[in-house]
Amino acid sequence: MQCERKSLYTSFPPGRVINAGKSQHNEDQACCEVVFVERRPSPRGRPPSREGSEELTGGRRGFYFHYWALFDGHAGSGAAVMASKHLHLHICEQLRDLVDILQDPSPPPLCLPPDAGASPTEPSRVSLAEDNGEVPNDAVPRFHLEKAVSHESLVIGAIENAFKHMDEQIERERTSRRLSGGCCALAAVYLLGKFYVANAGDSRAIIIRNGEIIPMSREFTPETERQRLAVFAFLRPELLGKEFTHLEFPRRVQPKELGRKMLYRDQNMNGWAYKKIEEADLKFPLIYGEGKKARVMATIGVTRGLGDHDLKVFSSNIHIKPFLSCFPEVRVYDLTQYEHCPDDVLVLGTDGLWDVTNDKEVASVVMEVLTSYEPNDPCRYTVVAQELVVRSRGMLKERGWRLANDKLGSSDDISVFVIPLGGPGNYT
């Protein structure tokens, strides 16, 4: 992949702690880069970009993007390590076709010309007619309007495809590289004035602007994705083996309850109704447990992420990966629409932070620490990240690791990035 990168670790080291200081093993990984996206060689037929419409660097045309990412590994660190080294390169590769398009204010073309190296083929009557803006006489137009596709949606699609290619690379190389487990992935890409925050898993990102909290992600868990999982299981019942049911009941059904009516819901329902219990309802539910204890097939507590291609239900040959999605949800924040002060930040954190600290508490720590430093002091953001980690870890007391309110501290790996959005010290 032809992508030039510069590490940002010296400016933005993440706050991190290994299992809150309670073990020697760390499955979290972090990455922070500036990546140059070089335009692909123009294929035949594509009009040259307008002079000055993109950055010229050493004779190469393209643009830079800033990138931060956290990878929360599980069942080993292999997938997280590989993703931390390659995901930004996949994003770069997906953006290479878009260099000219993103910097041209006109709507994106529906089709790109064929690759320059492709063998020439005889164009069909239809393609010639389309080039001339004509419709063949014998063709009945099925659609009268074209869908409007924004430049923003092209970047979102590039990031989504990058996650898919990253997951495929992990699958291809998992044996040769001895990659174990999987990982949740949370990435922030700053490109052409906008932040694109992509989340696949249960990590979380928030923006704190003038004291206001703006969620930039949501957690993907068996409970939040119950309906997607149930629909998939309904359509592909063979993936459940003979051990699981896609129907949900308030608790496990007992054999003595056969013939009685119990509350249930299926893949189409948000509410609950009663059904007569049958033999098939005695199977183990696809989603079992509540809250942080909810599991898919009693095995895994996250439903999106990278890796997990070899994950099976304990003591069975049932693969869980078909139910786990590698695609992230991407949310966009336009930095140009607001005036930002030095105290406005984007916070990225793995679930070790959010398990014990809510959005308001994080915002409170951010404001408390930032106001104790001069606005032009660049280390203030690193101190915030470290303080968030330390407070979520807690202090070791007689009754274990405790927070300031005496509740249990986080027992998970904790990794945090705090990224300034404006004012002195801004990475731009």
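- We find that R174 and D308 are not joined by a salt bridge, their nearest charged nitrogen and carboxylate oxygen being 4.0 Å or further apart.
- With 3.5 Å as the limit, one finds no donor-acceptor pair spanning the side chains of E27 and H74.
- The CG atom of D359 sits 5.5 Å away from the CD1 atom of I213 when rounded to the nearest 0.5 Å.
- Annotation: Y264 is not in aromatic contact with Y274 [ring centroid separation under 6.0 Å not met].
- Under a cut-off of 6.0 angstrom, the local environment of CZ in F249 is crowded, with over 12 non-hydrogen atoms contributed by other residues, nucleotides or ligands.
- Within the 4.5 Å cutoff, side-chain heavy atoms of Q94 are placed close to those of H165.
- At least one side-chain heavy atom of F63 sits less than 4.5 Å from a side-chain heavy atom of L102.
- Taking the ring centroids of H340 and Y333, they lie under the 6.0 Å cut-off.
- Between the side chain of E173 and the main chain of I170, no donor-acceptor pair closer than 3.5 Å is present.
- Within the 4.5 Å cutoff, the side chain of S325 has heavy atoms near those of the R228 side chain.
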Given I156 and E160, is the side chain to side chain contact (heavy atoms under 4.5 Å, CB included) satisfied, shown in steps? CA-CA 6 Å; I156 293 173; E160 290 169 335; 3.7 Å; yes
Apply the test side chain to side chain donor-acceptor pair (under 3.5 Å) to residues S392 and T357: give CA-CA distance (whole Å), side-chain angles for both, the deciding distance (0.1 Å), then the verdict. CA-CA 7 Å; S392 299; T357 312; 3.0 Å; yes
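- A donor-acceptor contact shorter than 3.5 Å links the side chain of H151 to the backbone of I101.
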Tell me, with the steps shown, if R204 and E219 meet side chain to side chain contact (heavy atoms under 4.5 Å, CB included). CA-CA 7 Å; R204 191 188 307 174; E219 289 86 47; 2.7 Å; yes
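- Nearest heavy atoms, Y373 versus C379: CE2-SG, 4.1 Å.
- Here the NZ atom belonging to K312 is positioned 13.0 Å from the CE atom belonging to M297, to the nearest 0.5 angstrom.
- Around atom CZ of F234, no more than 12 heavy atoms belonging to other residues, nucleotides or ligands sit under 6.0 Å away.
- In this view, Q227 and N270 satisfy the side chain to side chain contact (heavy atoms under 4.5 Å, CB included) rule, not counting sequence neighbours.
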Could you walk me through whether T336 and D334 pass the side chain to side chain donor-acceptor pair (under 3.5 Å) check? CA-CA 5 Å; T336 66; D334 191 343; 2.5 Å; yes
Walk me through whether R209 and E212 qualify under salt bridge (Lys or Arg N to Asp or Glu O under 4.0 Å). CA-CA 5 Å; R209 186 187 70 211; E212 177 188 5; 3.2 Å; yes
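- Ion pairing between R304 and E329 fails under the 4.0 Å rule for side-chain N and carboxylate O.
- The number of heavy-atom neighbours closer than 6.0 Å to CE of M269, taken from other residues, nucleotides and ligands shown, is above 12.
- The number of heavy-atom neighbours closer than 6.0 Å to CD of E374, taken from other residues, nucleotides and ligands shown, is 12 or below.
- Across T382, V369, V366, a single residue satisfies side chain to side chain contact (heavy atoms under 4.5 Å, CB included) together with E387, and that is V369.
- Comment: K292 engages D202 in a salt bridge, judged by a side-chain N to carboxylate O separation of less than 4.0 angstrom.
- Residues Y64 and L191 form no side-chain contact, since every pair of their non-hydrogen atoms from C-beta on lies 4.5 Å or further apart.
- Residues K321 and F323 have side chains not in contact (no heavy-atom distance under 4.5 Å, counting atoms from C-beta outward).
- When each of D72, L348, D351, L70 is paired with S415, the side chain to side chain contact (heavy atoms under 4.5 Å, CB included) condition holds for L70 and for no other.
- Using a 4.5 Å heavy-atom cutoff, the side chains of M82 and K85 are not in contact.
- Taking a cutoff of 4.0 Å between a charged side-chain nitrogen and a carboxylate oxygen, E368 and R391 qualify as a salt bridge.
- With rounding to the nearest 0.5 Å, the separation of CG in L192 from CG in L98 is 10.5 Å.
- Comment: R251 engages E257 in a salt bridge, judged by a side-chain N to carboxylate O separation of less than 4.0 angstrom.
- The structure places OG1 of T303 at 7.5 Å from CG of L324, a figure rounded to the nearest 0.5 Å.
- Inter-residue side-chain proximity for D281 and L247 is flagged as met; some heavy-atom pair is nearer than 4.5 Å.
- With sequence neighbours left out, E152 forms a side chain to side chain donor-acceptor pair (under 3.5 Å) with K194.
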For side chain to side chain contact (heavy atoms under 4.5 Å, CB included), just list the numbers for Y190 and F65, CA-CA rounded to whole Å, side-chain angles, deciding distance to a tenth of an Å, and then say yes or no. CA-CA 6 Å; Y190 175 75; F65 69 82; over 6 Å; no
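- D104 and S106 form a side-chain donor-acceptor contact under 3.5 Å, judged by distance and modelled atom types alone.
- If you run side chain to side chain contact (heavy atoms under 4.5 Å, CB included) between V347 and each of V384, V362, V365, only V362 comes through.
- Within the cation-pi definition used here (under 6.0 Å to the ring centroid, within 45° of the axis), R331 does not qualify as a partner of Y196.
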Could you go through I207 and D344, starting from their C-alpha distance and side-chain angles, then the distance that decides it, and tell me whether this counts as side chain to side chain contact (heavy atoms under 4.5 Å, CB included)? CA-CA 7 Å; I207 281 176; D344 295 341; over 6 Å; no
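- Salt bridge annotation for D100-R40: absent, with no cationic side-chain nitrogen under 4.0 angstrom from a carboxylate oxygen.
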Show your working on side chain to side chain donor-acceptor pair (under 3.5 Å) between T350 and D28 and close with a plain yes or no. CA-CA 8 Å; T350 55; D28 276 6; 3.3 Å; yes
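- Ring orientation note: the planes of F284 and F244 are nearly perpendicular, at an angle over 60° on the 30°/60° scale.
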